[in-house]
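Taking it in order: structure first as structure tokens, then the write-up.
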Amino acid sequence: MTPRADARDNRAQLVRAAREVFAAEGGDAPLDRVAKHAGIGNATLYRHFPRRRDLLAAVYAGEVETLRAEGEALLAHEDPEAALFTWLGHFLDHVRDKRDLALSITDDPGGEREELFAHWHGVMTETATVLASRAGLTEQVEPLDLLVLVTGIALSGAGKPRTERLLSMIRRGSAGTGQEGAGPARTG
């Protein structure tokens, strides 16, 4: 059964409000504040999101979808390598800025958290794979390796100038791996 339009609108408004409140105050912000920020009653919030983790997961799922959509939009970019590294920059920002939100989804009844994280990880890996393939890098570099490297940069606590330099180093290194004598041969 399809939810009524007002129920869909309320749910979307709650997720938008939660995104803003959680960004400002963290994932442990009072849910009453989310409902108030959305202009919706607490009962409606709990009807849509009976557990805090449900709301946290909905907000994080939206962040992952935004990242996926950015990657899809970059498929139209005239320079496939620039598109890949632009998206990896977005991924870096995502990991740096949204990691605490993801980690705040703590309780895991029946392995739901593990399933969610596996799905989100798959979405990000698939996006990186499509962009890397379009850039002609999948023969030289595994897209998951790019994500691991960029995650390390994001979690380093380095400022914007350093993260941009490090991302640039990965770009130069990945482009050079396919050229004879330009870098170490890929094994494995």
Side-chain angles (χ1 to χ4, degrees), residues 15-29 53 55-106 113-179 182-184 186 188:
V15 171
R16 277 191 297 275
R19 182 181 307 120
E20 293 169 8
V21 170
F22 293 158
E25 301 178 35
D28 59 348
R53 73 172 306 284
L55 183 55
L56 290 165
V59 170
Y60 191 74
E63 299 294 348
V64 171
E65 174 54 25
T66 296
L67 190 59
R68 186 211 58 76
E70 289 170 345
E72 185 175 305
L74 284 164
L75 289 173
H77 195 284
E78 63 187 34
D79 181 346
E81 187 177 308
L84 169 63
F85 283 90
T86 296
W87 184 81
L88 287 172
H90 295 307
F91 176 77
L92 188 151
D93 293 341
H94 169 88
V95 171
R96 183 192 61 231
D97 300 340
K98 307 303 178 194
R99 182 173 190 265
D100 288 343
L101 175 63
L103 294 177
S104 65
I105 305 170
T106 54
R113 182 178 188 266
E114 188 175 319
E115 287 179 29
L116 287 170
F117 275 77
H119 170 72
W120 295 328
H121 178 77
V123 168
M124 291 181 216
T125 302
E126 178 62 25
T127 302
T129 300
V130 169
L131 289 164
S133 178
R134 184 169 175 263
L137 295 180
T138 54
E139 291 297 316
Q140 296 87 17
V141 178
E142 290 186 33
L144 183 56
D145 291 344
L146 291 172
L147 295 180
V148 169
L149 289 168
V150 173
T151 297
I153 295 169
L155 298 180
S156 73
K160 189 77 168 165
R162 175 160 287 148
T163 59
E164 288 174 354
R165 274 194 316 274
L166 292 169
L167 196 55
S168 179
M169 289 170 66
I170 292 172
R171 183 175 182 174
R172 286 191 312 270
S174 64
T177 59
Q179 300 168 2
R186 180 174 170 198

Are side-chain heavy atoms of [X] and [Y] found at a separation under 4.5 Å?
| X | Y | answer |
| --- | --- | --- |
| L167 | E164 | no |
| L166 | M169 | yes |
| L155 | R96 | no |
| L146 | F91 | no |
| L131 | P80 | no |

About how many Å separate [atom2] of [Y] and [atom1] of [X], when rounded to the nearest 0.5 Å?
| X | Y | atom1 | atom2 | result |
| --- | --- | --- | --- | --- |
| L144 | T129 | CG | OG1 | 8.0 Å |
| T86 | E70 | OG1 | CD | 10.5 Å |
| F22 | D28 | CZ | CG | 9.0 Å |
| D100 | Y60 | CG | OH | 11.0 Å |
| L56 | L116 | CG | CG | 11.0 Å |
| T127 | L75 | OG1 | CG | 8.5 Å |

Looking at every non-hydrogen atom in both residues, tell me the closest pair between [X] and [Y] and how far apart they are.
| X | Y | answer |
| --- | --- | --- |
| V141 | S174 | CG2-CB, 3.6 Å |
| V15 | A58 | CG2-CB, 4.0 Å |
| L84 | A128 | CD1-O, 4.1 Å |

Quiz item: Do other residues, nucleotides or ligands put more than 12 heavy atoms under 6.0 Å from the CG atom of D79?
Solution: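 More than 12 within 6.0 Å, yes.
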
Practice problem: Evaluate the ring planes of W120 and F117, with Trp represented by its six-membered ring, and classify them as parallel (under 30°), tilted (30 to 60°) or perpendicular (over 60°). | Solution: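 Because their plane-to-plane angle is over 60°, the rings of W120 and F117 count as perpendicular.
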
Quiz item: Below 4.0 angstrom, N of the basic side chain to O of the carboxylate: do R68 and E72 qualify?
Solution: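 A salt bridge links R68 with E72.
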
Quiz item: Are E81 and R134 close enough for a salt bridge, meaning some N to O gap below 4.0 Å?
Solution: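 No, E81 and R134 are not salt-bridged.
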
Quiz item: Any chance the rings of F85 and H90 have centres within less than 6.0 Å?
Solution: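 That pair fails the under 6.0 Å test.
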
Quiz item: Hey, mind stepping through K160 and L92 against side chain to side chain contact (heavy atoms under 4.5 Å, CB included) and telling me if it holds?
Solution: CA-CA 10 Å; K160 189 77 168 165; L92 188 151; over 6 Å; no

Quiz item: Quick check: does any side chain N or O of S156 sit under 3.5 Å from a backbone N or O of I153, one acting as donor and the other as acceptor?
Solution: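 Side chain of S156 to backbone of I153, a donor-acceptor pair under 3.5 Å: yes, one is there.
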
Quiz item: Checking salt bridge (charged side-chain N to carboxylate O under 4.0 Å, His left out) against R19, which of E25, E63, E65 comes through?
Solution: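 The salt bridge (charged side-chain N to carboxylate O under 4.0 Å, His left out) with R19 is passed solely by E63 among E25, E63, E65.
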
